[in-house]
Amino acid sequence: MNSEFQTSPQPLRPHLGGPRASRKQTLKVNTKSLYQRAVKEAFVKLNPKVMVKNPVMFVVWVGTIITALMTIDPNLFGSVPGKDLRFFNFLITLILFFTVVFANFAEAVAEGRGKAQADALRATKSDTIAQKLLPNGSIQQVSSTALRRGDQVKVIAGDIIPSDGEVVFGVASVDESAITGESAPVLKEPGSDVASSVTGGTRIISDELIIRVTSDPGQGFIDRMIALVEGAERTKTPNEIALTVLLAVLTLVFLFVVATTNRNTRVNTASNTVRAISFGVFVRSAPSTKAIIRSINPWPGSDVTRIMSSSEMMRVPPVTELATSDPGSFSTGADSPVIADSSTLATPKTTSPSDGMMSPAITFT
Amino acid sequence: MLEGFFQIALTLLILVVLTPIMGSYLANVFLGKKTFLDPVMTPLEQGIYLLGGADPEENMTGRQYAQAVLISNSAMAILVFLLLMFQARLPLNPTGLGMPTWDTALHTTISFLVAADLQHYSGETTMSYFSQIAALGFLMFVAPATGAAVGIAFIRGLTGRPLGNFYVDLIRSITRVLLPISIAVGVLLLMAGVPETLAGPQTVTTLEGATQAIARGPVANFESIKMLGDNGGGFFGASSAHPYENPNGGTNFLEILCQLLLPAAFIYTYGVFIGNIKQAWLLFWMVLAIFGVLIGVTAVGEYFGNPLVNSILGEQTPNLEGQEVRLGWAQTALFAMTTTATMTGSSNAAFDSLMPMSDFCALFNMFLQVIWGSIGTGTAHLFVFVFLTVFLTGLMVGRTPEFLGRKINKREITLVGVIVLIHPILILIPACITLGFPHTLAGISNPGFHGLTQVVYEYASAAAGNGSDMAGLGNSQPAPTALWYNLTTGVVLWAGRFIPIIAVLLLADSFSHQQMTPVTASTLLTDNVLFTVITAATILILGVLTFLPVLALGPVAEAFLIAHGVKS
């Protein structure tokens with residue numbers, strides 16, 4: 001990065017209500033319809049075929065069905081002495097049922113949010129008309145989706161950059177707030193490692209550039225971000241895999257405990273109550289741990305949109321991790337560097353959210 | 001009552017003073033630094049390495065270390081099994097004892113090999129002096145040394161060092177730690193009146209005019225390593241309740257301290273290895289606090305005694321049934337908790353006669369395995385719970401779960417899961433099968449809640465490598481159920497010791513190979529009070545939740561019955 005950009009007179013702090021003011025509207029998630037859909041989804045997800053994908057909740061669901069059967073006939077699995085057995089079993093059934101439904105609901109809300117955020121991102125990358133430079137020097141109007149790697153396009157002030165690319169001619173300032181959250185325009189010019197690359201979906205706000213496209217449609221930066229947020233192509237992070245293993249272990253422990261206590265009924269009869277209570281305690285504790293963790297770390301990349309709507313804090317968005325080729329930082333999901341510390345607050349003007357960029361704290365001199 | 005608690009507090013205070021001294025010494029020994037025994041022991045060790053063909057400079061990987069543990073332990077087990085089976089033809093057998101039954105010999109071998117010393121026999125009527133000294137005494141040194149070696153290898157891996165060489169660690173644990181201290185303790189026990197002789201039983205004429213044979217033997221040397229190595233196998237059937245093993249309050253104090261010394265010191269040794277004494281002290285105080293609560297519950301329960309007995313007597317007396325009156329309720333409670341917490345398993349009272357809440361606390365110790373735990377492996381288990389806490393809290397606050405700059409990923413969690421899973425499986429499944437056939441397999445002397453406690457206790461003691469025993473279960477030959485108990489607890493003892501050891505070593509291996517992440521402002525701090533409290537909560541919640549049903553059906557139900565004055 002050339003040092004002249006660091007001495008640029010542009011204000012460090014973003015001006016509120018700048019080019020982002022309108023975008024804020026599109027990012028708002030319609031919470032009411034989101035929850036309505038989630039309630040419906042919560043019951044649709046009770047389908048055993050769906051439930052079996054989550055072994056912990058599947059065990060709870062099976063338990064619900066068993067206690068429901070025992071509500072109808074308390075002596076289904078051998079005669080059990082005691083009063084009000086139906087009522088007791090009914091209460092357990094109810095608790096377990098709500099556990100399953102609530103877990104499904106939480107999951108549906110998380111998924112719904114992801115979809116809404118993906119829609120918001122998609123709005124950023126609108127299907128624009130690009131001015132493609134033909135080899136003979138003339139300009140052809142094409143859809144941005146028709147651009148291929150190696151094509152050259154011309155963008156002038158006010159245009160949305162149609163695709164990821166590299167500046168080959170011209171100097172212009174570009175508003176990259178859509179992906180970095182930084183509202184101060186970034187100067188782009190050819191011949192530099194960082195300042196020469198531009199990202200599809202950002203807006204050029206002065207002068208004009210000639211850009212060589214570097215990605216085919218659907219493989220650009222924003223596309224990968226959308227895919228990540230939607231979770232369709234998302235591979236599980238190491239933490240998630242490890243968590244799944246741990247929860248499976250705890251579920252196994254619980255199954256052993258319950259299965260072996262069951263046999264103890266031959267020694268004495270109080271065990272039925274104990275079994276039911278321990279079943280309840282286990283079942284309640286196992287999935288709620290997962291729900292807590294899920295709600296706090298929904299998925300990698302979720303910070304992107306949060307940052308876009310609150311630009312006052314200049315953070316290092318996980319999105320830059322995604323842009324790097326290092327699979328380690330991409331995959332850790334819950335990784336920590338989103339926390340702003342003084343070093344990352346420095347020199348946001350040099351921010352250039354292009355491929356290969358690690359974090360704004362890194363400056364090239 | 002105050003006097004009793006004062007005795008307990010004083011004993012624990014002395015432990016707190018001794019821990020840093022012993023911990024630093026252990027660290028010096030295993031870091032290869034200069035110690036005061038170098039002039040004597042270094043040539044001896046060099047000779048042993050030369051004879052055994054071990055290269056002391058060679059570092060092992062986790063897999064090699066585990067292989068070395070398994071192969072050397074199996075070889076020792078075969079040797080000891082043969083020694084026991086042929087004891088009738090071997091010397092030092094003044095009473096002319098014959099061959100023990102094959103299942104007793106097998107069970108005893110496995111039991112002493114894993115430092116549990118679950119005894120399904122009485123020493124004075126089954127084992128010759130030669131078997132006691134050469135076979136069982138030999139295992140009483142190598143079993144805790146194996147545990148110490150594994151613990152040290154784990155700490156090395158955790159701190160990013162190579163794991164070291166198993167044979168070197170094994171030899172050094174014996175020559176530098178177990179042998180010198182046990183000699184010193186043995187001399188102290190001799191002075192206190194513990195016998196040490198190769199002569200046969202003494203025949204005396206009692207005041208009534210009857211003749212009685214009083215068993216004796218080389219007890220002092222056996223007793224010192226039994227306590228120091230957290231083995232717990234008594235020379236006599238009554239173990240530390242026998243006046244020749246534990247004559248007075250002084251020996252009782254010494255034996256309690258010996259049991260606690262090495263497991264507590266290991267936590268401090270970890271602190272020296274990592275260069276963070278603060279974290280070691282926090283973990284030490286956490287364990288001591290839980291330990292203190294368990295002693296408190298036991299002591300109060302024993303002090304207030306059995307309400308059923310009290311109502312007959314018309315006054316409130318401590319529960320002294322099955323206890324040594326010369327030691328009293330406070331020393332019994334402290335000893336019972338120490339012996340179950342440190343996985344020694346040598347009781348100075350009949351556990352079958354303790355109050356239900358004492359059984360609860362004893363079971364609690366063995367279910368958790370980390371309130372000190374056995375030498376070396378107990379500390380490793382403690383860190384398994386620390387990893388679990390780091391993993392859960394790390395994810396909850398959105399930090400990468402890492403401990404000492406090393407990430408806890410799928411491989412680590414899988415190994416932690418094996419350790420967490422194996423313990424309830426080994427206890428609950430055999431206990432469940434046994435209880436399923438109360439007449440042919442269980443051999444319970446007290447049916448009902450107490451009988452359930454007896455069976456669960458037997459398997460918990462075996463799985464945790466403790467070796468204490470609720471007498472009253474038909475687990476010794478020639479009881480008809482003895483064969484079942486000998487074989488099943490044999491399997492449980494073996495699996496409960498070596499499967500976690502393998503997992504712990506592989507865990508250490510994968511940590512030692514990880515690139516260390518530098519500490520930043522966003523690293524989850526593990527050396528503060530908050531994290532320690534959460535660790536304690538994780539330990540208690542996981543331990544209690546897993547075993548809540550059996551605890552509720554056994555000691556808790558029995559306690560309620562007794563409190564309501566119902567005879568079970």
Side-chain angles (χ1 to χ4, degrees), chain A residues 236-271 273-279 281-282 285-286 289-290 292-297 303 328-329 332-343, chain B residues 388 391-392 394-402 407-414 416-421 423-425 427-438 442 444 447-449 451-452 455-456 520-524 541-542 544-554 556-557:
Chain A
K236 280 189 165 180
T237 68
N239 284 341
E240 269 185 299
I241 295 169
L243 181 66
T244 315
V245 171
L246 180 67
L247 289 174
V249 167
L250 293 181
T251 310
L252 263 178
V253 168
F254 145 74
L255 281 179
F256 279 119
V257 170
V258 172
T260 51
T261 317
N262 192 13
R263 288 295 296 263
N264 290 346
T265 41
R266 293 190 186 194
V267 172
N268 65 64
T269 50
S271 68
T273 316
V274 172
R275 185 176 80 225
I277 291 170
S278 67
F279 191 86
V281 170
F282 263 95
S285 57
T289 329
K290 190 166 187 181
I292 291 166
I293 293 163
R294 277 194 79 107
S295 65
I296 292 167
N297 286 308
D303 280 52
S329 60
T332 45
D335 219 334
S336 326
V338 277
I339 291 161
D341 64 284
S342 56
S343 63
Chain B
L388 271 178
F391 186 74
L392 291 174
L395 285 189
M396 281 185 196
V397 298
R399 310 257 172 107
T400 304
E402 51 186 34
K407 286 199 175 68
I408 298 173
N409 279 336
K410 187 191 165 195
R411 182 180 158 79
E412 288 79 28
I413 277 294
T414 312
V416 165
V418 167
I419 297 172
V420 170
L421 194 55
H423 199 49
I425 289 179
I427 295 172
L428 294 175
I429 289 184
C432 163
I433 295 170
T434 307
L435 288 168
F437 304 94
I444 297 168
F449 299 127
L452 184 122
V455 173
V456 171
T520 61
S522 58
T523 306
L524 185 73
I541 290 171
L542 274 179
V544 172
L545 275 190
T546 308
F547 294 103
L548 180 76
V550 280
L551 285 173
L553 286 176
V556 173

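Computed over heavy atoms, backbone and side chain alike; hydrogens, waters and symmetry mates excluded.
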Checklist line | Which portion of B/Leu388 sits near chain A, non-hydrogen atoms under 4.5 angstrom | finding: side chain
Margin query: Contact between B/Leu542 and A/Leu250 at the side-chain level, heavy atoms closer than 4.5 Å - yes or no?
Written below: yes
Notebook entry, point to check: Which of these passes side chain to side chain contact (heavy atoms under 4.5 Å, CB included) with A/Leu246: B/Leu395, B/Val420, B/Leu392?
Noted result: B/Leu392
Note to self: Shorter than 4.5 Å, heavy atoms on both sides: which option in B/Ile425, B/Val418, B/Ile427 has the most such pairs with chain A?
What the structure shows: B/Ile425
Checklist line | Heavy-atom closest contact (A/Val249 atom, B/Gly417 atom, distance) | finding: CG1-O, 3.7 Å
